[in-house]
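Worksheet: the structure to be examined is printed underneath.
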Amino acid sequence: MESDSPEKKKSDPFELLPVVLVLGFAGGFFDAYTYVARGGVFCNAQTGNLILMTLGICGGEGIKALRYLIPVAFFVLANIVGDLTYRAAKKRAEKKGIGLQEGRFLYQCAILATETVILTVVGFIPVSFPTLLPNALISSVAALQYHAFRDMNGVALSTVFCTNNLRLLSGNLFSAAADKDKLSLKKAGYYTLLIVLFISGVTAGYFLTVWAKQYAILSVSLLFMFLGLGIVLGRRKKNSSDGTEKEVL
C-alpha cells in the first residue's frame, strides 16, 4: 500500500495525520487495557499467543494450551470479515456509481462503527468474567483496524503495533542520512509521531484502566464515535460545497 509520495491521497479523511494518530493512540490503549484488566496479555499482535500455546504444549499443559488459539482464531476471522466488508462496500459503490474511493470510504466507516460497537460490548463485560471472550473481541478489533487503516497518504503503517513502524522508521532514517532524502526524513517523522502516540495510548490506557476497570475501554468507544461523526459530517460538508454530494452511507 506504500507509494512514492506521502501526498498522494489528500482527499481521504481516514489517511490524514490527526486521524491516524488517534487510531495509533487507540492501538496502544488496547494493549494496556487487556494487560491490566484482562489477564496480563497483549491482544494486538498474535505472535505471543502462538508462542505461549507452543510453550504450554511443550511444558505439558496439553489441551489447556490450546486456549491461546481462541484470540488467534478471532484475529483471522476478523481479517476475513474485513475482506468481505471491503468487497461489499466496493459492490455498493459500483452499484451507486460513486467510485472506488467512495467505496473505500464507506468500508472504513463500517469498520470504525464495528470497532465502536465491539469495544462498547467489551466495556460492559465484568473483569471477573473469563478473559478469553473479551480478549478475543479486542483481538478482532485490532485485526479490523489493521485491515482497514494501513495508509497515511500513501505511507504504509500500522496503528495497532509498533514492530513494522520501527523497521520503517529506521529504514527511512538511514535513507535520509545516507541519501540526503528529505521525503524519507518526512516519513521518519510520521513514524516517530505514530510511535509516540501509541506509547501515549499505553500510558492513558494503564492509568484509566487501573481506575475504571472494564469501563475504561468505553473511552475509546466514545473517541471512535466522535471521530467517525466528525469525518462523515466533514465529508458531507466538503462534497456539498464542491457540488458533488453523493449518498455514501
Side-chain angles (χ1 to χ4, degrees), residues 12-38 42-45 71 74-75 77-86 88-89 92 102-127 129 131 133-152 157-161 194 197-198 200-202 204-205 208-209 211-237 247-249:
D12 189 338
F14 283 104
E15 294 187 13
L16 296 175
L17 178 61
V19 175
V20 171
L21 293 179
V22 168
L23 293 170
F25 175 90
F29 197 108
F30 296 157
D31 267 337
Y33 175 77
T34 57
Y35 187 85
V36 174
R38 304 296 184 181
F42 301 125
C43 283
N44 284 3
F74 271 72
F75 190 92
L77 179 61
N79 273 288
I80 294 172
V81 170
D83 283 327
L84 290 172
T85 305
Y86 187 44
R92 181 172 180 182
E102 293 294 336
R104 179 167 177 78
F105 176 73
L106 176 63
Y107 154 71
Q108 290 174 316
C109 286
I111 293 299
L112 190 66
T114 302
E115 286 188 76
T116 303
V117 171
I118 294 174
L119 293 174
T120 301
V121 170
V122 172
F124 288 99
I125 299 176
V127 291
F129 196 85
T131 61
L133 177 60
N135 286 340
L137 291 174
I138 296 288
S139 293
S140 301
V141 168
L144 289 172
Q145 184 162 311
Y146 181 60
H147 191 280
F149 309 108
R150 287 185 285 178
D151 257 345
M152 187 181 67
L157 48 81
S158 168
T159 60
V160 294
F161 43 79
L194 184 56
L197 262 293
F198 186 93
S200 298
V202 174
L208 193 56
T209 305
W211 174 64
K213 305 303 181 186
Q214 74 264 19
Y215 301 114
I217 201 66
L218 296 177
S219 63
V220 183
S221 299
L222 287 173
L223 182 64
F224 280 179
M225 183 181 69
F226 286 119
L227 178 66
L229 286 173
I231 287 174
V232 170
L233 293 176
R235 181 81 158 191
R236 287 183 180 275
K237 183 178 179 180
E247 181 185 357
V248 296
L249 293 174

Look up atom OG1 in T116 and atom CG in L222, then write down how far apart they are to the nearest 0.5 Å. 9.0 Å
Atom of A26, atom of F224 and distance for their closest heavy-atom approach: CB-CZ, 3.5 Å
Between S140 and F74, which heavy-atom pair has the shortest distance, and what is it? OG-CD2, 3.3 Å
T209 vs Y35 side-chain heavy atoms within contact, under 4.5 Å: no
Just by modelled atom types, is the L23 backbone N or O under 3.5 Å from a matching donor or acceptor in the Q145 side chain? yes
For T120, is there any backbone N or O sitting under 3.5 Å from a side-chain donor or acceptor partner on S221? yes
Determine, stepwise, if the pair V22 / F226 fulfils side-chain contact (heavy atoms from CB on, under 4.5 Å). CA-CA 11 Å; V22 168; F226 286 119; over 6 Å; no
V122, V160, I118, I111 screened by side-chain contact (heavy atoms from CB on, under 4.5 Å) with V141, the one that passes: I118
Any donor-acceptor N/O pair, D151 side chain to E15 backbone, under 3.5 Å: no
For a quick test of reading the model, state the closest non-hydrogen atom pair linking A143 to A78 and the distance between them. CB-CB, 3.6 Å
Once rounded to the nearest 0.5 Å, what's the spacing between atom CD1 of I138 and atom CG of L119? 5.0 Å
For V232 and C109, work out which heavy atoms get closest and say how close. CG2-SG, 3.9 Å
Has the side chain of N135 got a donor or acceptor atom that lies under 3.5 Å from a matching backbone atom of R38? yes
Is there a side-chain contact (heavy atoms from CB on, under 4.5 Å) between H147 and D83 once you walk through the steps? CA-CA 8 Å; H147 191 280; D83 283 327; 2.7 Å; yes
What about Y146 and F161, are their ring centers closer than 6.0 Å? yes
Taking every non-hydrogen atom, the tightest pair across D12 and Q108: OD1-OE1, 3.6 Å
Going by the angle between their ring planes, with limits at 30° and 60°, are F29 and Y33 parallel, tilted or perpendicular? parallel
If I compare all heavy atoms of P134 with all of F129, which pair ends up nearest, and what's the gap? CD-CD2, 4.3 Å
Taking D31 for the side chain and C43 for the main chain, is one N or O donor matched with an acceptor at less than 3.5 Å? yes
When rounded to the nearest 0.5 angstrom, what distance separates CG in L112 from CG in L227? 5.5 Å
Can you say whether the rings of F14 and F105 are parallel (under 30°), tilted (30 to 60°) or perpendicular (over 60°)? tilted
In this structure, CD1 of I125 is separated from CD1 of I217 (nearest 0.5 Å) by 11.0 Å
